[in-house]
Amino acid sequence: MATTEHPPPSRLRSWMLEGLSDMGKGGGHVGPHAQPEPPHRGQPWYRVMCLTGVDYFSTLGYQPGIAALAAGLLSPVATIVLVLVTLAGALPVYRRVAEESPHGEGSIAMLERLLSFWQGKLFVLTLLGFAATDFLITITLSAADASTHLVENPHLTSTLHNQQMPITLVLVALLGAVFLKGFLEAVGVAVALVGVYLALNVVVVVVGLWHVITAGHVVADWSSALTAEHGNVFAMVGVALLVFPKLALGLSGFETGVAVMPHVKGDPGDTEERPAGRIRDTKKLLTTAALIMSVFLIATSFITTLLIPEKDFESGGPANGRALAYLAHEYLGGAFGTVYDVSTIAILWFAGASAMAGLLNLMPRYLPRYGMAPHWARAVRPMVIVFTLIGFLVTWIFDADVDAQGGAYATGVLVLISSAAIAVTIAARKAGQRGWTIGFAVISAVFLYVTVANVIERPDGVKIGACFIAGIILVSLLSRLARAFELRVTSVTLDPMAERFIRDIASRKIRFIANEPDQRDQAEYREKIEQIRADHDLPGEDFVFVEVTVLDPSEFEASLTVRGEVLHGRYRVLTLESSSIPNALAALLLHVRDLTGCIPHMYFEWTEGNPFHNFLRFFLFGQGEVAPVTREVLREAEPDRARRPRVHTA
């Protein structure tokens with residue numbers, strides 16, 4: 001590949017792009033989860049569980065209140081339905097995702113393998129839009145709920161009244177600042193936060209259950225009211241199933257759990273191809289987190305429904321968005337309540353850190369590889385600034401309201417879980433596992449129902465998701481257009497016959513003929529040489545043909561393997577497979593120049609037809625205006641005209 005001297009970058013630019021990987025090297029991905037630690041330096045699974053737990057467990061800060069608003073007196077029953085779906089549905093699905101995608105790519109990578117060409121890219125971009133909805137709303141919703149706990153603290157409510165918006169923006173900005181500084185100690189911080197937060201919640205739950213037990217009339221009153229409102233158990237279960245989609249926030253955390261897989265230590269004998277220990281321990285991580293959360297969800301929904309007046313859950317009420325904090329202050333005093341508030345604020349804020357890490361793990365993995373983001377999108381810090389600014393915008397649009405963001409958050413969570421269920425169903429079917437295929441198909445149907453029901457009930461979620469999708473697709477296509485003339489080939493490898501051809505012609509003038517293969521018979525090559533000789537007034541037949549076969553034109557960058565063959569006993573032909581003919585030819589010319597020290601020449605025919613139509617053919621299908629585009633790719637890759645390979649067209 002051509003190398004060109006550039007002035008040294010400024011200190012700010014170097015700092016911003018620190019860690020930026022070379023295009024195509026190792027997938028070209030950087031981010032908090034990008035470079036998994038070697039097995040011996042990884043973390044035990046229970047510590048990594050805390051990293052995903054700051055997202056998953058922190059939903060206890062607002063989930064009981066949301067459940068009470070959605071289901072009323074039926075909240076504990078609806079929560080039991082949620083737990084059953086979690087343990088019998090989401091957990092088996094993501095345990096299988098961990099097997100199929102052990103490097104943190106998640107279900108999106110599984111589905112990406114099923115589709116090729118542009119429909120595959122657009123499908124992945126759509127899923128990325130919903131993933132962005134999930135992670136970004138996690139950041140803004142968690143920050144908004146953290147500010148709610150701060151503003152509603154009895155000691156601060158008079159001072160901070162009506163200051164929720166600026167406080168939320170400050171928390172989002174602080175989160176961005178942490179990632180600009182670095183995120184190396186995330187696991188240790190997460191362990192401390194999760195440990196303290198769960199311990200405090202155990203105290204609140206135990207005290208709440210004690211009050212429920214000692215005040216016997218509470219259970220009797222709730223049971224009587226429930227029977228009067230819904231009649232019988234079957235009616236209760238039916239209504240619980242109907243309101244279940246509103247409780248889908250309690251399913252969050254599984255996608256993040258898979259994203260942090262590269263940090264799990266695993267076994268010393270693990271390999272990148274099959275990290276068996278990492279897969280086993282990630283399954284432990286997912287199962288333990290789901291069991292812990294299930295116990296807390298049932299217990300907290302029970303005590304909050306029985307001990308908190310229904311009107312206090314409503315917007316503006318003292319328990320809105322902070323039901324457990326309300327109980328902590330009510331039954332354990334202001335000092336303990338304040339400690340609980342501080343712990344909740346810390347873990348909610350750090351839940352945004354987990355979501356930010358998920359974004360930085362996901363977006364650079366796909367968009368730059370598709371050519372649908374600038375090269376700097378592989379670096380962490382520029383993307384942190386972009387996501388922080390989007391977080392500001394989302395916070396402003398929703399006015400830092402927790403309830404208003406619930407629909408968008410649930411939509412993102414449910415779409416990702418549904419896509420994961422579909423992906424593992426297909427994987428089980430391909431593996432010939434009939435029982436698992438049927439089981440996963442039923443789970444997929446359940447999650448699709450919940451997703452559709454949630455979208456119908458709260459269309460704002462899919463609207464926000466659609467905005468993210470439209471934005472990602474628009475920016476991606478514009479970026480792809482802007483990068484159309486980049487040299488996309490990451491490396492060039494010649495087979496022995498191709499090397500022999502290059503060594504032979506290097507002693508003379510290096511002349512290639514770009515040929516679009518047709519019948520590949522003797523007449524085709526003879527007539528092509530005669531045409532080139534006549535058009536360019538060249539003597540002899542000392543040419544090497546170059547033929548490029550386009551595989552998947554939607555791919556942006558890849559390595560290039562060049563194979564040589566002799567056809568009909570006399571015609572030397574180099575064959576290449578690539579996503580783009582001009583880029584492949586330009587890469588070959590630059591490689592030959594660097595290999596031989598000679599300037600190669602390549603001869604083309606003009607492409608017939610409308611230039612704009614031919615450019616679209618190049619942009620979408622990797623062919624079209626081959627000669628001028630090859631020359632433009634060479635011009636961008638090698639600014640020094642004297643060292644630039646020659647392109648001849650007639």
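All values below come from the heavy atoms of this structure, side chains included, with hydrogens, waters and symmetry mates left out.
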By side chain to side chain contact (heavy atoms under 4.5 Å, CB included), Phe392 pairs with (sequence neighbours left out) Leu169, Val172, Ala173, Thr388, Leu389
Tell me, please, which residues at least two apart from Ser58 pass side chain to side chain contact (heavy atoms under 4.5 Å, CB included).
Ile347, Leu348, Ala351
Supply the atom-to-atom distance Ile385 CD1 to Ile390 CD1, rounded to the nearest 0.5 angstrom.
12.5 Å
Can you pull the side-chain hydrogen bond (donor to acceptor under 3.5 Å, both in side chains) pairs that have at least one residue in residues 423-448, sequence neighbours excluded?
Arg96-Gln433, Thr425-Ser444
My understanding is that only residues two or more places apart in sequence, or in another chain, count here; which of them pass side chain to side chain contact (heavy atoms under 4.5 Å, CB included) with Leu285?
Trp45, Val48, Met49, Thr52, Val264
Residue list, salt bridge (charged side-chain N to carboxylate O under 4.0 Å, His left out) with Asp145, at least two apart or on another chain
none
By ring-ring contact (aromatic ring centres under 6.0 Å, His included), which residues pair with Phe313, not counting sequence neighbours?
none
Once salt bridge (charged side-chain N to carboxylate O under 4.0 Å, His left out) is applied, do any residues pair with Arg280, and if so which ones, sequence neighbours excluded?
Asp267
Nearest 0.5 Å, please: how far is CD in Glu100 from CZ in Arg95?
13.5 Å
Applying side chain to side chain donor-acceptor pair (under 3.5 Å), name anything that partners Thr282, two or more places apart in sequence or on another chain.
none
Those residues at least two apart in sequence (or on a different chain) that pass side chain to side chain donor-acceptor pair (under 3.5 Å) with Ser142 are none
Sequence neighbours excluded, the answer for ring-ring contact (aromatic ring centres under 6.0 Å, His included) partners of Phe135 is none
Can Thr395 and Thr168 be counted as having a side-chain donor-acceptor contact under 3.5 angstrom?
no
What distance do Phe387 atom CZ and Ile139 atom CD1 have between them, rounded to the nearest 0.5 Å?
8.0 Å
Can you label the angle between the Phe254 ring and the Tyr94 ring as parallel, tilted or perpendicular, going by 30° and 60°?
parallel
Under the rule for side chain to side chain contact (heavy atoms under 4.5 Å, CB included), what residues qualify as partners of Ile80, not counting sequence neighbours?
Leu84, Ile298
Drop me the distance from Thr86's OG1 to Leu91's CG, to the nearest 0.5 angstrom.
8.5 Å
Rounded to the nearest 0.5 Å, the CD1 atom of Ile443 sits from the CD1 atom of Ile422 at a distance of 12.5 Å
Taking only residues at least two apart or on different chains, which pairs with a member in residues 383-393 satisfy salt bridge (charged side-chain N to carboxylate O under 4.0 Å, His left out)?
none
Looking at Ser301, is its backbone amide N or carbonyl O close enough to the side chain of Thr304 to form a donor-acceptor pair, meaning the two atoms are under 3.5 Å apart?
yes
